[in-house]
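One structure below.
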Amino acid sequence: MSIGTSERRSGGHARVTGSQKFVADIGLEQMLHVRLVHLNCGHARIVSIDTAQALAVPGVVSVLTAAELPQPMPRYGPVFNDRPVLAVGETKYHGQPVAAVAAESKEVAEAAAELVRVQHEELPGVFTVAAALDPASPLVQEPELRPNDPLNHTNVLSERRFGWGDVESARADLVVENVYTFPMITHFAIEPHAFIAAAEDDGVAVWTPTQNPFQMQRILATVLGLPVAKVRVHALDPGGAFGGKQHPKYEPLVALLALRTGRPVRLVLTLEETFQEVRRTSCEIRARTGFNRDGTISFQDIQSDFLMGAYADIAERVIDKSNYLGCGPYRVPNSRTVVRALFSHTTPSTAFRGFGTPQVSWAHESQMDDAARKLGIDRVEIRLRNLAGKGEAFLPGDTPADGDWAVSVRKAADAIGWGTALSPGRGRGLAVAVKAGATTGASYSIVRLHWDGSATVLAGTSDMGQGARTVLAQVAAHELGIPHEWITIVMGDTATVPFDLQTSASRSTVFMGQAVMRACQDIKAQLKQMAAELHAPDAPVVELLRARFSAVRGEVIGVGSYRGEYQPEHPLGGAPSFYEFTCTASEVEVDEGTGEMLLVRHVTVADVGKALNPQHVEMQDEGAAVMGLGHTLMEHILLDDSGRIRNLGALDYRIPTTKDLPLEMHSLLVENADGPGPYGSKGAGEGGLMATAPAVASAVTEATGVVIRDLPLTPERVWLAINEKDA
Amino acid sequence: MRIHVTVNGAERDLEVAPNTTLLDFLRDDLRLTGSKECCDLGECGACTVLVDGRSVNSCLMLAVEADASEVTTIEGLAKDGRLNPLQDAFLAKGAVQCGFCIPGQVMAGQYLLQRNPHPTLAEVREGLSGNLCRCGGYVQICEAVLAASEVGR
Ligand code: FES
Ligand code: FES
């Protein structure tokens, strides 16, 4: 009934009337306002901090520096506990907070923050891959933080190798070898990060737009030395997250401030501070690919270096996921992929939609196009010749290809008019990408069927725009046979909802969807029992409920869970539960005089198994495509020699607007009900940006004859490439 | 300084600091938090409101400059709990994702339709080019504005 229809967004009404509350919209009684103090350079030794003047400002309640924090400084992170609550001894990136001022108003906090005197000495920093690998460069991380790691005297956090067959002795008719770079970009959620904390009885409550309330709860409990049950995380719907709100940022700081002052505190970052806090890993990829004359791949040999920034955050997972599927969705007889995560004196990178896939697909897809041109094979055809067939174990020993991916490619090619005549100045490109879907971890749901037939669903998912609320309500409505409107979804309060690993990796529809479905099935089993007891096997649900509960009151409670098991020997810790496969095709027109580009048509095809709400899937996929146009055409963080972000803020860092939209945009779905989620669904919502860059770049090459291997494809870069070719 | 403004039809008489922006005044003093703050520079449109019928980035305007004006915010569009046609079109067309940019988008769309009740797609894209949506729902947002203009036909 409800499944497969485009129900309106749950929570939509509040979002169009302005009543939706984001963290910055919440004010608590007696609340203090926090402002961070940072230095205007990347790497610096902190000589001294003088807070006297700031403390003397009327209305200032507390000024926190490393000295006032517990010793040793609490450190935290999703995997490694390396990020300090405030900078200790030195700053490691432009914008790292060295002190925090809490005051009665935000104006006072801001003015007092200016008065905190930080004597410091700027130090040489590591801002590039080359510098990170240079043994003469300073070490970003103190070796004591990873005492037993043989790499602790280098700027390499980890190096991972993966592959099969024998690349060295594989023969090939053509070897293409190139270097690709992918820029630093920032998430730029329109909601800047915001945090509130308040002491509560014998614990603490934190309001944050996190995608991961239970990890937040665990980390806060550890930092504060509290039992998990004494930390309450109110995970409010994020105003866009895209991975940037997945892991703790300044929640430990605000919690400590709240406990210290005994008052609720709120920290709302500026957009500039948000830029300094989260970004995608930039990288350099060296790809050497062997091809046979017929275009089939003989070997893939990839070496990637990811510049992850000052703290590890989730970078190791990013490189693992990128590397594990470094050959893309292809049948590759011999593969060797090596990847390193490198420390640098830059903003710590974190999860970002696509999670390492847009980077590596930029390389493997551009390699495909290079080979196609050199071998005289059509660019779509060469992909079809290499694409893994459905059920094929393209990753030896792992989950086989779970979709008929060639169907997506043909669909995209048709939609873009592949092979039809092109107007002058125009070109087309097509590219594919595949990402390993969620692997391990549990999701739980509790569904409460009330006496009147309406239901409350408890789910720890975060609805950050993807519409999880809508889709989970649809699953419950379908299973319980009640209208969508009778369902309330409760999310994001760790004191109310049961555990969910996180909202990431496009996992919620599959993992939480299954958990909700199973909770509903639990209810149905209880209803069946109830019907038998009441000797009314065919009674409608509502009548049963009334018969059972009209006198004594009560409700039926169902519990469901879904988990991916941890496999220690698996490179990802567990097999992907599905693959997110995407194909993007683009037609562009390049103005050779200026390097400017007009996107004539842009098509994405997503293999989603089953679209539970087609409109939601399409808006996600198109939204991802628009985001992909950002890193493809315009976005890159620029650093100066001191590691300062030169284009800090919305004026200088441009993201796509309505004016950058392709003239025509199409999002097409492939639905074969072959996914592990409810009704055969797979995760979706990241795919639209995973193959944008190689598709657009390939179109530019067809239009102009130049090949560009560095992103973004700004007009200057395109113009320069055209002029170098002509020279 | 004391200012007198009409906000969503209600008259307000309040003391404000001369450097308070209209956005802070709305959000902090009047607790109308529907208008959002993002860039604080006039670049994102999240704070868009109407002042005497003209669309402004309220982060760039001082509250004192709005003295004696009529201000409409996102909270002022729905009447008696009923969405106006543009708000409804945003939901029908799937234009709303995370929702953070949406108040600004709706206000910008409202202004556009007020000036040009039957815009072309190109005019809508031009008119909304100052409103960023990182969820990337531009296609649907533009469709929603066009759909609302049809309602008015
Ligand atoms: S907050 Fe006013 S334009 Fe961005
Ligand atoms: S709906 Fe999320 S920024 Fe526009």
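Hydrogens, waters and symmetry mates play no part in the numbers below; they use all other heavy atoms, side chains included.
Of the listed residues (A:Leu271, A:Asp25, A:Thr270), the one with the most heavy-atom contacts under 4.5 Å to chain B is A:Asp25. Counting heavy-atom pairs closer than 4.5 Å to chain A, the top residue among B:Gly137, B:Cys135, B:Ala78, B:Pro103 is B:Cys135. The residue among A:Lys659, A:Gln620, A:Lys21, A:Arg353 with the most heavy atom pairs within less than 4.5 Å of chain B is A:Lys659. Across B:Asn19, B:Asp88, B:Asn84, the residue that shares the most heavy-atom pairs under 4.5 angstrom with chain A is B:Asp88. Ranked by heavy-atom pairs under 4.5 Å with chain B, the first of A:Val16, A:Ile26, A:Asp237, A:Asp463 is A:Val16. With respect to chain B, the highest number of heavy-atom pairs below 4.5 Å among A:Gln466, A:Glu107, A:Met627 belongs to A:Met627. Ranked by heavy-atom pairs under 4.5 Å with chain B, the list A:Gln20, A:Lys106, A:Glu272 is led by A:Lys106. Per-residue counts of heavy-atom pairs under 4.5 Å with chain A were compared for B:Leu32, B:Leu83, B:Asp40; the largest is that of B:Leu83. For the options B:Cys142, B:Ala92, B:Cys39, B:Gly34, heavy-atom pairs under 4.5 Å to chain A are most numerous at B:Ala92. Heavy-atom pairs under 4.5 Å with chain A were tallied for B:Gly99, B:Ala17, B:Cys38; the largest tally goes to B:Cys38. Comparing B:Glu126, B:Glu37, B:Gln87 by heavy-atom pairs within less than 4.5 Å of chain A, the highest count is held by B:Gln87. Taking chain B as the reference chain and counting heavy-atom pairs below 4.5 Å, the highest number among A:Ala189, A:Gly467, A:Pro656 is found for A:Pro656.
Inter-residue side-chain proximity for B:Gln140 and A:Gln615 is flagged as unmet; no heavy-atom pair is nearer than 4.5 Å. Contact check for B:Cys44 versus A:Phe188: no side-chain heavy atoms found under the 4.5 Å cut-off.
By the neighbour-count criterion of 12 heavy atoms within 6.0 Å, atom CZ of B:Arg2 is densely surrounded, having more than that number from other residues, nucleotides or ligands. Within 6.0 Å of CD in A:Glu114 there are 12 or fewer heavy atoms belonging to other residues, nucleotides or ligands. Within 6.0 Å of CZ on B:Arg115 lie more than 12 heavy atoms contributed by other residues, nucleotides or ligands. B:Glu15 CD: more than 12 foreign heavy atoms inside a 6.0 Å radius.
Side-chain atoms of B:Glu43 never come within 3.5 Å of backbone atoms of A:Leu651 as a donor-acceptor pair (strictly under, hydrogens ignored). Side chain of A:Arg15 to main chain of B:Cys98: a donor-acceptor pair is present (N/O by atom type, distance under 3.5 Å, no hydrogens or angles). Under a 3.5 Å cut-off, the side chain of A:Arg9 and the backbone N or O of B:Val96 do form a donor-acceptor pair. In this structure, B:Tyr138 contributes its side chain and A:Asp660 its backbone to no donor-acceptor pair below 3.5 Å.
Neither the backbone nor the side chain of A:Ser19 comes within contact range of chain B, judged by heavy atoms closer than 4.5 Å. Of the atoms belonging to B:Leu41, it is side-chain heavy atoms, and not backbone ones, that fall under 4.5 Å from chain A. Only the side chain of A:Arg654 has a heavy atom closer than 4.5 Å to any heavy atom of chain B. Of the two parts of A:Val626, only the side chain, counted from C-beta on, holds a non-hydrogen atom closer than 4.5 Å to a non-hydrogen atom of chain B. For A:His616, no part sits under 4.5 Å from any heavy atom of chain B, backbone or side chain. At a 4.5 Å heavy-atom cutoff, the contact between A:Met619 and chain B is made by backbone and side-chain atoms alike. Interface remark: B:Ala122 contributes no atoms to any contact with chain A (heavy atom separation under 4.5 Å). Heavy atoms closer than 4.5 Å to chain A are found in the side chain of B:Asp28, but not in its backbone. Neither the backbone nor the side chain of B:Asn131 comes within contact range of chain A; no heavy atoms are under 4.5 Å apart. If you measure heavy-atom distances from A:Pro238 to chain B, the contacts under 4.5 Å come from the backbone alone. For B:Arg125, the parts lying near chain A are the backbone and the side chain together; criterion is any non-hydrogen pair under 4.5 Å.
Ion pairing of A:Glu191 with B:Lys36 is absent here, as no side-chain N (NZ or NE/NH1/NH2) approaches a carboxylate O to less than 4.0 Å.
Note that the CZ atom of A:Arg8 and the CG atom of B:Leu91 stand 5.5 Å from one another [nearest 0.5 Å]. Here CG of B:Leu128 is found 10.5 Å from CG of A:Leu661. Values are rounded to the nearest 0.5 Å.
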Quiz prompt | Residues A:Glu618, B:Lys93; criterion salt bridge (Lys or Arg N to Asp or Glu O under 4.0 Å); working and verdict | solution = CA-CA 11 Å; A:Glu618 282 162 19; B:Lys93 292 293 171 190; over 6 Å; no
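Across A:Ile655 and B:Arg134, no two heavy atoms sit closer than the pair CG2-NH1, 3.4 Å. The minimum heavy-atom distance linking B:Val139 with A:Glu622 is given by the pair CB-OE1, 3.5 Å. Residues A:Ile190 and B:Ala46 come closest through the heavy atom pair CG2-CB, 4.3 Å.
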